Amino acid sequence: MGSLSIPAATTTFADSTGTQALAQLATERAAGLPSGRTTYRTITDYNDEMLALSRQHPDLVKHITLPHKTRQGREVYGIEVTHDVNAADGKPVLLMMGIHHGNEWPSGEHTLEFAYDLVNNAKKDRQVKRLLDQARVIFVPVVNVDGFVINRRTSCGLSPTCASNAGVDINRNYPFGWGSNAGSNATSRGPGPGSEPEVQNIMDLTTTNQATVLITNHTSGHTLLRPPLEKRAGDAPDEAVYAALTDAMAAKNGYTGMKSGFDYETTGETPDWSYYATRGLGFTFEIMKTQSTTSSYPEVIEDYLGTGRYEGKSNREAFMVALEYAADPAGHSVIKGKAPKGAVLKITKDFDLWTAPILQTGGVLDPPQAVPTHLESSLVAPTNGKFTWHVNPSVRPVPAYTANGVVATGPGNFLQESWTLTCARPNGEVLETVNVTVDRGQQVDVRLQECKKRFNGKGPKG
C-alpha cells in the first residue's frame, strides 16, 4: 500500500518543562497539522469549519445533517469527501467518526484533521487523488454533541435537564450484543438496544452507505481494537482479514492491535454491530496515551503526524492504510452491469440481529431481543448506463448473539445470503428485481434486460 511522506518536525521533542518551551513546541508542531490548529475545537468550531470546507470546495466536500437531533435538540453534522462528491457513483466508503464519548476530545480532532488532510492534498498528491477517485470518506467528528458540550463521557439520555445520573454511554447502546452489562450498567447502556438518537444516526449512515471500513476514534491507550467485544463471542468469521488489516495499520501508528474483548469486555459497541450488520470491517482507535486535558494538544499533534514522543509512528498513516483497504475491490464486492440512463438501482437486505441475554436488576436474565435490520443503498445509472457498484458482500458473517443466547461460531462461518437488487423508474416504479449473491473479493455482472425493455417503453409498464 502506498503512503504519503510526512513533513519532518522542525524540532525534536525535548524533556523541557518550561511553559515557554512547551508553547513554542506546540506552535512548531502545529505548522504540520493539516488545519493549522493549536488548540482544541469547540462545537461551534467543528460546525463552522465543516460548513466552510463544503462552501470552499463544493465539488469535493458535501455538508450533511444527520437525521436525528440529540436529546437536547442539537443537530449532528458531518461531511463527505470525494471527487465529484454530489454524484451517486457507487464508490466504496470509509466511515470515520469521533467523540462517541463527550470528554474524549482528541478523537474528534484526528477525525477532522484527516478530512482536512484529504482536502488539502486532493489535487497535489497522487495517492490522495487516486483514492478520492476510487472511494468516498464520510466524517462525523462529534457523534455525542450533548456530551461534548458539557464535557462528560455520556449523552444526556432521557433526562430533560441532562442530569448526571441519567446519561447513556452511547458506545454501549448499539443493538448487537447489547444488554449483558459488560462495561456498563442498566442505566448507562440505555433503555433499549439502539435507543439513542446519536446511535441511530451512525446506524443510518452505515446501513445506507457501503462502508467497507468503519473507524470510531476514542481515547486513550494507543490500542487498535477489532471484534469481539466479549471473549465468549469468539473470533469474527473474518478474523484472518481483520488481523491482517489491524497489523498493517498498527505498523504505521505504533498502536497495539488486539481483539477488543481482550483489552476489556464491553457490550453494544460500534464495530461489532457494524461488522455483523454489513460485513464492513469496523475498528476502534484509542488515540494518545493520556486522557484529554486543556494542555494535551501537543500530543494530539504528535500522534497524528508521527513526531516528538511518537516519532516515526503516525496515526495519519494508519488512516491512509484504512482508506487504501476501503478502496480496494479485493476487500469487498463489486456489482457491474448496464441499466437505462437515469434508472434508479437499489440493493436491500433484511434480517434480525440479536442482543445478548439481557441482564436486569437482581441478576435476572431476560431472553435476547431480536433487532430487525434493514440495509438499503441506491445508485443512479449514468449517461451510458454502465455501472460499477462497490458494495459489502451479501454473504453475511454468522453472529455469536442469537435467539438462544451466545453461541460462538468462529472464523469461516458465513450465511449465504443475497442482495435484492431492483431497477426502477425515477418515480419509484420497480421494473425488475434480481437476487445477487456475492462474496468478498468477487465481482458479479448483472443483466437487466427486462428493466431496459420496460424503461424504454418496449414492454408492459405494469
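Predicted model, so just to flag it, every value in this text is computed and none were measured.
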Trainee: Is a donor on one side and an acceptor on the other found under 3.5 Å between the side chain of Ser155 and the backbone of Val168?
Mentor: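 A pair under 3.5 Å: yes.
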Trainee: Tell me the closest heavy-atom pair linking Pro397 and Pro237, and the distance in Å.
Mentor: CB-CG, 3.6 Å
Trainee: Find out whether the Lys NZ or Arg CZ of Arg189 is both under 6.0 angstrom from the six-membered ring centre of Trp178 and within 45° of the ring's axis.
Mentor: yes
Trainee: Rounded to the nearest 0.5 Å, what separation is found between the CE atom of Met258 and the CG atom of Leu225?
Mentor: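 Reported value, rounded in 0.5 Å steps: 6.5 Å.
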Trainee: Quick check on Lys231: does its NZ atom have over 12 non-hydrogen neighbours (other residues, nucleotides or ligands) under 6.0 Å away?
Mentor: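 Buried by this count: over 12 neighbours within 6.0 Å.
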Trainee: With no hydrogens and no angle check, do the side chains of Thr154 and Arg152 hold a donor and an acceptor under 3.5 Å apart?
Mentor: yes
Trainee: Is the shortest heavy-atom distance from the side chain of Leu375 to the side chain of Phe351 under 4.5 Å?
Mentor: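 Side-chain contact under 4.5 Å: yes.
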Trainee: If you look at every heavy atom in Ala135 and Ala327, which pair is closest and at what distance?
Mentor: CB-CB, 3.9 Å
Trainee: Taking Ser377 for its side chain and Thr208 for its backbone only, find out whether a donor-acceptor pair lies under 3.5 Å.
Mentor: yes
Trainee: Give the minimum heavy-atom separation between Val199 and Asn173, together with the two atoms involved.
Mentor: CG2-OD1, 3.6 Å
Trainee: Set out, in order, the CA-CA distance, both residues' side-chain angles and the distance that settles salt bridge (charged side-chain N to carboxylate O under 4.0 Å, His left out) for Asp133 and Lys91, then state yes or no.
Mentor: CA-CA 9 Å; Asp133 285 340; Lys91 293 177 182 177; 5.5 Å; no
Trainee: When Tyr40 is tested against each of Tyr46, Phe148, Tyr297 for ring-ring contact (aromatic ring centres under 6.0 Å, His included), which residue passes?
Mentor: Tyr297
Trainee: Taking NZ, NE, NH1 and NH2 as the nitrogens, is one of them in Arg440 or Asp238 under 4.0 Å from a carboxylate oxygen of the other?
Mentor: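 Looking at Asp238 together with Arg440, the answer is yes, because their closest N to O distance falls below 4.0 Å.
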Trainee: Drop me the distance from Arg172's CZ to Ser184's OG, to the nearest 0.5 angstrom.
Mentor: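 Those atoms lie 7.0 Å apart.
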Trainee: Give a yes or no answer on whether the side chain of Asp117 reaches the backbone of Glu113 with a donor-acceptor pair at less than 3.5 Å.
Mentor: no
Trainee: Does Asp350 reach the main-chain N or O of His374 with its side chain, forming a donor-acceptor pair under 3.5 Å?
Mentor: no
Trainee: Quick one: are Val334 and Val391 in side-chain contact, heavy atoms under 4.5 Å?
Mentor: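 Heavy-atom side-chain distance check fails, nothing below 4.5 Å.
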Trainee: Check whether any side-chain heavy atom of Thr206 lies under 4.5 Å from a side-chain heavy atom of Leu214, and answer yes or no.
Mentor: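 Counting from C-beta outward, Thr206 and Leu214 do come under 4.5 Å.
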Trainee: What pair of heavy atoms forms the shortest contact from Val300 to Glu109, and how long is it?
Mentor: CG1-CB, 3.9 Å
Trainee: Which atom pair, heavy atoms only, marks the closest approach of Ala236 to Tyr242?
Mentor: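 Shortest heavy-atom contact: CB-CD1, 4.0 Å.
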Trainee: Mind checking whether Phe285 and Phe319 have parallel, tilted or perpendicular rings, split at 30° and 60°?
Mentor: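 The arrangement is tilted - the two ring planes meet at 30° to 60°.
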Trainee: Is it true that Arg279 and Asp439 have a side-chain N and a carboxylate O under 4.0 angstrom from each other?
Mentor: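 Here Arg279 pairs with Asp439 in a salt bridge, since their nearest N and O are under 4.0 Å apart.
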Trainee: For the residue pair Trp273 and Tyr174, categorise the inter-ring angle as parallel (less than 30°), tilted (30 to 60°) or perpendicular (more than 60°).
Mentor: tilted
Trainee: Are any side-chain N or O atoms of Thr267 and backbone N or O atoms of Gly179, one a donor and one an acceptor, separated by less than 3.5 Å?
Mentor: yes
Trainee: Trp105 and side chain to side chain donor-acceptor pair (under 3.5 Å): which partner among Asn151, Thr294, Thr219?
Mentor: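 Of the listed options, the one satisfying the test is Asn151.
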Trainee: Does any N or O in the side chain of Thr355 come within less than 3.5 Å of the main-chain N or O of Gln369, such that one atom is a donor and the other an acceptor?
Mentor: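 Side chain of Thr355 to backbone of Gln369, a donor-acceptor pair under 3.5 Å: yes, one is there.
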Trainee: Mark yes when over 12 heavy atoms from residues, nucleotides or ligands other than Lys62 sit less than 6.0 Å from its NZ; otherwise mark no.
Mentor: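 Counting neighbours around NZ of Lys62, more than 12 heavy atoms of other residues, nucleotides or ligands fall under 6.0 Å, so yes.
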Trainee: Is a salt bridge present between Glu196 and Arg71, judged by a nitrogen-to-oxygen distance below 4.0 Å?
Mentor: yes
Trainee: Can you tell if the side chain of Lys289 reaches within under 4.5 Å of the side chain of Glu299, non-hydrogen atoms only?
Mentor: yes
Trainee: Would you mind telling me which of Thr290, Thr256, Asn253, Asp303 makes a side chain to side chain donor-acceptor pair (under 3.5 Å) with His222?
Mentor: Asp303
Trainee: Is a donor on one side and an acceptor on the other found under 3.5 Å between the side chain of Asp272 and the backbone of Glu269?
Mentor: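 No; judged by distance alone, with no hydrogens or angles, the pair does not exist.
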Trainee: Does the plane of the ring in Phe176 sit parallel, tilted or perpendicular to the ring in Tyr276? Use 30° and 60° as the thresholds.
Mentor: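 Ring orientation, 0 to 90° scale: parallel.
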Trainee: Okay, side chain of His100, backbone of Ile170: is any donor-acceptor separation there less than 3.5 Å?
Mentor: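 Flag not set: sc His100 to bb Ile170 has no pair under 3.5 Å.
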Trainee: If you round to the nearest 0.5 Å, how far is OG1 of Thr293 from CG of Asn103?
Mentor: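 So the gap between those two atoms works out to 12.0 Å.
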Trainee: Relative to Tyr310, does Lys313 satisfy both conditions: NZ or CZ under 6.0 angstrom from the six-membered ring centre, and within 45 degrees of the ring's axis?
Mentor: no
Trainee: If you measure from the Lys or Arg side-chain nitrogens to the Asp or Glu carboxylate oxygens, is any gap between Asp45 and Arg37 under 4.0 Å?
Mentor: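 Yes, charged N to carboxylate O under 4.0 Å.
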Trainee: Is the cationic atom of Arg226 (NZ for Lys, CZ for Arg) positioned less than 6.0 Å from the six-membered ring centroid of Tyr275 and within 45 degrees of its normal?
Mentor: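 So Arg226 doesn't make the cation-pi contact.
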Trainee: How far apart are the C-alpha atoms of Phe114 and Tyr304, what are their side-chain angles, what is the distance that settles it, and do they pass the ring pair (Phe, Tyr, Trp, His ring centres under 6.0 Å) test?
Mentor: CA-CA 9 Å; Phe114 190 52; Tyr304 185 82; 7.0 Å; no
Trainee: Is there a donor-acceptor pair closer than 3.5 Å between any side-chain N or O of Asn209 and the backbone N or O of Ala211?
Mentor: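 Pair absent, no side-chain N/O of Asn209 close to backbone of Ala211.
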Trainee: Give a yes or no answer on whether the side chain of Trp419 reaches the backbone of Asn392 with a donor-acceptor pair at less than 3.5 Å.
Mentor: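 Yes, the answer is positive, given that a donor and an acceptor are paired below the 3.5 Å cut-off.
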Trainee: I need the Glu104 CD to Ser220 OG distance, nearest 0.5 Å.
Mentor: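 Taking CD in Glu104 and OG in Ser220, the distance rounds to 7.5 Å.
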Trainee: Out of curiosity, Glu49 CD to Leu51 CG, how far, rounded to the nearest 0.5 Å?
Mentor: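 Going from CD on Glu49 over to CG on Leu51, the span is 11.0 Å.
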Trainee: Looking at Arg130 and Glu324, is any side-chain nitrogen of the basic one under 4.0 Å from a carboxylate oxygen of the acidic one?
Mentor: yes
Trainee: Any chance you could measure Thr216, atom OG1, to Met97, atom CE, to the nearest 0.5 Å?
Mentor: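 One gets 5.5 Å once the value is rounded to the nearest 0.5 Å.
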Trainee: Contact between His218 and His101 at the side-chain level, heavy atoms closer than 4.5 Å - yes or no?
Mentor: yes
